[in-house]
2 protein chains.
Amino acid sequence: MDKKEPTIDRVFQALGDSTRRAILEKLSDGPVSVSRLAEPFGITLAAVVQHVQVLEEAGLVQTQKLGRVRTCRIDSAGLQVAAQWIADRRTVWEKKLDLLGDLLAEPDEPADEPEWLG
Amino acid sequence: MDKKEPTIDRVFQALGDSTRRAILEKLSDGPVSVSRLAEPFGITLAAVVQHVQVLEEAGLVQTQKLGRVRTCRIDSAGLQVAAQWIADRRTVWEKKLDLLGDLLAEPDEPADEPEWLG
DNA sequence: AATATAGTCAAGCAATTACTTGAGTCTTTG
DNA sequence: CAAAGACTCAAGTAATTGCTTGACTATATT
């Protein structure tokens with residue numbers, strides 16, 4: 001009943017499962033019903049529903065039920081939380097260079113990476 | 001013995017634990033020994049060592065033993081993997097606008113967010 | 001109305017996770 | 001050298017996770 005916010009914990013934990021990431025991948029092409037989502041994975045519908053619930057609580061997908069079919073779509077709120085956290089750490093860890101920033105913003109120019117960064 | 005690569009699974013799973021994120025937070029100020037790392041948390045040294053191992057396998061920290069003390073420092077490789085994954089999804093999900101990209105690269109200019117993005 | 005669809009709910013189960021405890025191993029240090 | 005310090009290792013445990021099965025509830029379809 002309660003809608004639960006997309007906390008950092010929930011977002012990263014949700015993204016830490018490959019099936020769940022594959023679900024997001026599939027939803028990238030556009031909204032899909034739960035049963036169609038379940039097709040490519042070798043698991044039961046019930047299992048997929050559980051994954052969708054985790055993703056929903058993490059703010060990574062939104063769902064909506066019309067008639068008997070529940071349609072899932074991407075929700076960017078969760079990714080935003082993750083991206084924000086990473087961006088924050090980046091500013092602390094690597095104050096003086098925009099290395100990760102460059103990577104995230106423009107994957108094109110690979111500014112030469114100082115060796116000491118690891 | 002084998003060094004294990006920072007896979008997406010390992011990175012996100014590692015980041016999905018608040019104690020582990022707190023450890024990273026602490027290491028942001030600079031390299032710290034395992035026992036000094038353990039101080040602020042109400043858990044045993046052994047538990048902290050286990051967390052450090054998870055972080056190390058995820059490419060989020062590097063460690064080095066000199067004498068009897070193991071020193072931990074931030075490793076940016078893991079974050080890079082996570083950032084890259086998020087950046088990739090972003091380009092698929094939100095092809096036409098650089099919303100998250102702006103957020104990650106330049107938190108300064110908050111380009112007005114279309115409502116339909118969620 | 002009868003049947004099939006699409007999903008929901010509640011147990012239950014095996015594997016993983018986040019710890020703990022307790023013993024053992026190297027380094028320092030007094 | 002003896003004792004303390006800083007881990008290291010191996011078990012063990014309680015909670016969580018990813019999944020299944022089986023029963024049940026709505027909503028189409030024929």
Side-chain angles (χ1 to χ4, degrees), chain A residues 1-4 6-27 30-58 60-73 78, chain B residues 1-4 6-27 30-58 60-73 78:
Chain A
M1 213 111 226
D2 48 330
K3 211 194 170 183
K4 282 181 184 175
T7 64
I8 302 172
D9 255 86
R10 269 195 275 265
V11 174
F12 280 135
Q13 256 181 74
L15 292 176
D17 181 278
S18 61
T19 304
R20 237 125 52 192
R21 287 198 308 279
I23 289 176
L24 292 178
E25 216 79 36
K26 198 134 203 278
L27 290 178
V32 181
S33 73
V34 174
S35 49
R36 288 205 57 206
L37 250 191
E39 284 169 8
F41 308 107
I43 58 180
T44 59
L45 213 183
V48 173
V49 171
Q50 282 160 20
H51 279 308
V52 168
Q53 266 163 15
V54 172
L55 288 166
E56 199 169 8
E57 286 170 3
L60 288 161
V61 318
Q62 280 178 342
T63 76
Q64 181 187 13
K65 196 162 183 179
L66 283 171
R68 62 180 166 177
V69 44
R70 176 173 298 281
T71 305
C72 311
R73 73 183 66 239
Chain B
M1 213 100 233
D2 48 327
K3 211 193 171 184
K4 282 180 183 174
T7 64
I8 301 172
D9 255 85
R10 267 196 276 267
V11 174
F12 280 135
Q13 255 181 75
L15 292 176
D17 180 277
S18 60
T19 304
R20 238 125 53 192
R21 287 198 308 279
I23 288 176
L24 291 177
E25 214 80 36
K26 198 133 204 277
L27 290 178
V32 181
S33 73
V34 175
S35 49
R36 288 205 58 204
L37 251 191
E39 283 169 11
F41 309 106
I43 57 179
T44 59
L45 212 182
V48 173
V49 170
Q50 283 160 21
H51 279 307
V52 168
Q53 266 163 14
V54 172
L55 290 166
E56 199 169 6
E57 286 170 3
L60 289 162
V61 317
Q62 281 177 341
T63 75
Q64 181 188 13
K65 196 162 183 179
L66 283 171
R68 63 180 165 176
V69 45
R70 176 172 299 279
T71 305
C72 311
R73 73 182 66 241

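So that the names make sense, note that chain A is the first sequence line, chain B the second, and so on, each numbered from 1.
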Phosphate oxygens OP1/OP2 of [N]: is one of them under 4.0 Å from a side-chain N or O of [X]?
X: B:Lys65; N: C:dC26; answer: no
X: B:Ser33; N: D:dC7; answer: yes
X: A:Thr44; N: D:dC19; answer: no
X: A:Ser35; N: C:dG7; answer: yes

Rounded to the nearest Å, what distance is computed from the [atom1] atom of residue [X] to the [atom2] atom of nucleotide [N]?
X: B:Gln53; N: D:dA10; atom1: CD; atom2: P; result: 11 Å
X: A:Asp9; N: D:dT17; atom1: CG; atom2: C1'; result: 15 Å
X: A:Arg70; N: D:dT25; atom1: CZ; atom2: P; result: 18 Å
X: A:Leu45; N: D:dG18; atom1: CG; atom2: C1'; result: 15 Å
X: A:Ile43; N: C:dC13; atom1: CD1; atom2: P; result: 21 Å
X: B:Gln64; N: D:dA6; atom1: CD; atom2: P; result: 18 Å
X: B:Glu57; N: C:dA18; atom1: CD; atom2: P; result: 12 Å

Practice item. Choose from C:dA6, D:dG18, D:dT20 the nucleotide whose nearest atom is closest to any side-chain atom of A:His51. Key: D:dG18
[X] side, atom [atom1]; [Y] side, atom [atom2] - distance, nearest 0.5 Å:
X: A:Asp9; Y: B:Arg20; atom1: CG; atom2: CZ; value: 10.0 Å
X: A:Leu55; Y: A:Arg21; atom1: CG; atom2: CZ; value: 11.0 Å
X: B:Thr44; Y: B:Gln50; atom1: OG1; atom2: CD; value: 7.0 Å
X: B:Thr19; Y: B:His51; atom1: OG1; atom2: NE2; value: 4.5 Å

Review point. Would you say the side chain of B:Gln50 and the base of C:dT20 hold a donor-acceptor pair, judged only by whether the two atoms sit under 3.5 Å apart?
Key: yes
**Study point:** Heavy-atom donor-acceptor pair, B:Arg68 side-chain to D:dG5 base, under 3.5 Å
**Key:** yes
Study note, to complete from the structure: Closest to the 5' end of DNA chain D, once B:Val34 and A:Ala46 are matched to their nearest nucleotides, is B:Val34
Point to revise | Sugar-phosphate, base or nothing in reach of B:Arg36, heavy atoms under 4.0 Å | key: nothing
Review point. Checking all strands, does A:Gln13 fall into the base, sugar-phosphate, or nothing category for heavy-atom contacts under 4.0 angstrom?
Key: sugar-phosphate
Practice item. Could you tell me whether a side-chain N or O of A:Gln62 sits under 3.5 Å from a main-chain N or O of A:Arg73, the two making a donor and an acceptor? Key: no
